[in-house]
Amino acid sequence: MVVTEFHIHPVACADGPLRSSYGRHAPYALRTIVELKTTDGLAGIAETYGGDGPVAALEAVRPLVTGRDPFQLTSLWMSLGERAEQERKGDRSQTYLVPGENPMDVHARTFAAIEVACLDIIGKAIGKPLCDVAGGRARGAPPFSAYLFYKHGGGGGLGEDAREDEYGECLDPQSMVRQAKQMVAKYGFKEIKLKGGVLDPDLEVETIRLLRQEFGPTVPLRIDPNCAWSVETSLEVGRSLKEELSGGGYLEDPTATLEGMAEVRKRLLAEDIDTPLASNVATTCFEHLPVAQRMDAVQIVLSDPHYWGGIRNQQHLSKFCEVLGLGLSMHSNNHLGVSMMIMAHASACCAHLTYACDTHYPWQTEIDEVVEGGRVPIVDGCVMIYDKPGLGVSLDYDQLARGRERYASLPYRKRDDEAEMKKHVDPNWKRILPRW
Ligand code: GKR
Ligand code: MG
């Protein structure tokens with residue numbers, strides 16, 4: 001069996017005006033759906049980052065993918081690695097403003113999409129779910145966390161294509177509690193993450209306190225300002241939220257650089273505050289891990305099969321973290337149902353995964369879903385692994401065509417949250433690290 005067709009479908013899905021230290025989300029998020037077909041008549045799919053960069057990177061490896069046996073993933077990894085060595089200056093992930101960004105990004109990200117589509121094919125060839133192809137499940141229904149965002153009014157999309165604003169404007173602590181109650185009631189999440197780095201840190205501290213009051217100590221809380229704070233501000237927040245972030249919570253990327261994170265950790269511990277620090281910014285590839293561990297800069301690594309190199313690398317990461325004594329969770333970006341299942345399978349087949357994973361899925365709607373049969377259900381905060389071969393989902397081609405049309409109609413081909421801030425909030429806005 002060899003791959004005969006390699007389709008790259010750039011799509012756009014509506015997204016609300018969510019805020020973070022990167023700025024403000026655009027009315028549509030960009031994604032790419034990958035589809036492989038084989039001589040045996042099997043099709044495999046995947047979803048990955050969107051826009052010109054990821055599409056061009058996929059396009060560039062077309063000759064390595066077509067004609068390939070989908071079981072031969074190791075040699076594909078090696079071939080892509082050789083290319084990456086020659087192209088180290090490729091497009092960067094959205095963490096490009098932060099030191100420590102993954103230099104192997106293009107390689108790992110491109111490989112991941114193809115690997116998942118191949119594993120989907122293999123699952124179909126042998127009649128097994130993808131996570132079972134990868135060695136079986138540590139858990140049958142991986143848990144995800146509620147992912148709260150400060151946001152402006154609006155549900156995403158433009159003009160007649162504008163979406164209903166399910167959660168409303170949310171730019172203060174009280175409205176964040178409302179958002180959390182709504183999201184938890186709808187999806188049953190058992191852990192909560194707050195995207196910070198938007199309001200004054202005192203207000204974000206107050207938000208976490210209100211969430212704690214509302215949900216009690218059995219619902220772990222985490223806050224992620226994406227490096228918007230200095231070491232001193234991170235320490236103040238760490239002190240203020242000592243109680244609230246205990247019991248399974250964490251402080252995520254409070255400040256930039258491994259050195260900054262290590263300093264925060266050392267000084268918090270000196271004050272007997274053992275809140276773990278998590279990161280998807282300071283640690284973005286395997287090379288970072290031993291250093292981060294030696295420096296005690298990061299205690300929880302935030303994986304992402306989309307850029308750590310796919311499902312098998314996710315398993316390697318799980319083992320790596322276990323050996324180094326690090327926790328493991330998963331970060332996310334706006335995504336559709338194919339990625340939801342990639343994240344669920346990746347989580348299912350990791351022996352060592354110590355927290356519920358992030359997902360942006362509640363921020364996307366049925367209208368944009370490209371998965372046949374509609375949105376992937378999240379029940380009691382968990383995503384069930386379907387008893388179906390491969391990823392367990394297939395493409396709705398009408399919906400895919402709509403997603404492609406939306407993409408074609410957009411003037412942008414790259415996420416640029418700073419540009420959205422300039423357009424809608426403040427013409428002089430810049431991403432400043434640290435802001436506080
Ligand atoms: O969607 O704005 C966002 C998030 O800030 C995302 O871009 C981050 O990569 O969720 C991610 C994180 O945990 O840092
Ligand atoms: Mg993060």
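In listed order, ligands and their atoms are each counted from 1.
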Handout entry: Best match, Arg222, His25, Lys195: closest heavy atom to atom 3 (C) of ligand 1
Key = His25
Problem - Glu252 side chain vs Asn226 backbone, donor-acceptor pair below 3.5 Å - result: no
Exercise for the section: Name all residues meeting the side-chain contact (heavy atoms from CB on, under 4.5 Å) criterion together with Arg209; count only those two or more places apart in sequence or in a different chain, and write none if there are none. Expected result: Val205, Ser240, Leu241, Glu244
Exercise for the section: Indicate yes or no: does an N/O atom of His331 lie under 3.5 Å from an N/O atom of ligand 1? Expected result: yes
Exercise for the section: With heavy atoms of Glu252 as the reference, note each atom of ligand 1 found under 4.0 Å away. Expected result: 12 (C), 13 (O)
Problem - Short N-O contact, Asp161 and Arg406, less than 4.0 angstrom - result: yes
Practice task
Look at ligand 1 and say whether Asn280 reaches it with a heavy atom at a distance under 4.0 Å.
Solution key: yes
Handout entry: ligand 1 versus Asn226: contacting region, heavy-atom distance under 4.0 Å
Key = side chain
Problem - ligand 1-proximal atoms of Arg415, by part, heavy-atom distance under 4.0 Å - result: side chain
Practice task
For ligand 1, note which part of Asp224 has a heavy atom under 4.0 Å away: side chain, backbone, both or neither.
Solution key: side chain
Practice task
Between Lys193 and ligand 1, find which residue part has any heavy-atom pair under 4.0 Å and reply side chain, backbone, both or neither.
Solution key: side chain
Handout entry: Trace of the salt bridge (Lys or Arg N to Asp or Glu O under 4.0 Å) decision for Glu204 with Lys195
Key = CA-CA 9 Å; Glu204 298 194 350; Lys195 174 58 62 180; over 6 Å; no
Practice task
Please confirm whether the backbone N or O of Val425 pairs with a side-chain atom of Arg24, one donor and one acceptor, at under 3.5 Å?
Solution key: no
Practice task
List every atom of ligand 1 that sits less than 4.0 Å from any heavy atom of Phe149, numbering the atoms from 1 in the order shown and giving each element.
Solution key: 1 (O), 2 (O), 3 (C)
Exercise for the section: Report, in ascending order of atom number, the atoms of ligand 1 lying under 4.0 Å from any heavy atom of Ser20. Expected result: 2 (O), 5 (O)
Handout entry: Modelled atom types, side-chain donor and acceptor of Gln293 and Asp296, under 3.5 Å
Key = no
Problem - ligand 1 to Asp358 polar contact by distance, N or O atoms, under 3.5 Å - result: no
Problem - Full working for salt bridge (Lys or Arg N to Asp or Glu O under 4.0 Å) between Glu191 and Arg222 - result: CA-CA 8 Å; Glu191 297 186 31; Arg222 54 188 91 155; 2.7 Å; yes
Handout entry: Residue part near ligand 1, for Asn333, under 4.0 Å between non-hydrogen atoms
Key = side chain
Practice task
For the residue pair His360 and Tyr147, categorise the inter-ring angle as parallel (less than 30°), tilted (30 to 60°) or perpendicular (more than 60°).
Solution key: perpendicular
Exercise for the section: Inspect the contact between Arg62 and Glu59 and indicate whether a charged nitrogen and a carboxylate oxygen are less than 4.0 angstrom apart. Expected result: yes
Problem - Min N/O separation Asn334 to ligand 1 under 3.5 Å - result: no
Exercise for the section: Answer yes or no on whether Arg431 is positioned over the face of Tyr22, meaning its NZ or CZ is under 6.0 Å from the six-membered ring centre and within 45° of the axis. Expected result: yes
Practice task
Compute the shortest N/O to N/O distance between His360 and ligand 1 and return yes if it is under 3.5 Å, no if not.
Solution key: yes
Handout entry: Non-hydrogen atoms of Asp253 and Ala282 that approach each other most closely
Key = OD1-N, 3.8 Å
Practice task
Return the orientation label for the Trp77 and His107 ring planes: parallel under 30°, perpendicular over 60°, tilted otherwise.
Solution key: tilted
Practice task
Give the numbers and elements of all ligand 1 atoms closer than 4.0 Å to a heavy atom of Tyr147.
Solution key: 4 (C), 10 (O), 11 (C), 12 (C), 13 (O)
Problem - Under 2.8 Å from the Mg ion (ligand 2) - protein N/O/S, by chain and number - result: Asp224 OD2, Glu252 OE2, Asn280 OD1
Fill in the blank from the handout: In Asp304, Val338, Val383, Thr359, the residue satisfying side-chain contact (heavy atoms from CB on, under 4.5 Å) with Met343 is Thr359
Exercise for the section: If the plane angle is over 60° it's perpendicular, under 30° parallel, otherwise tilted; pick one for Tyr167 and Trp363. Expected result: tilted
Practice task
Tell me which part of Ser332 gets within contact of ligand 1: side chain, backbone, both or neither, using heavy atoms under 4.0 Å.
Solution key: backbone
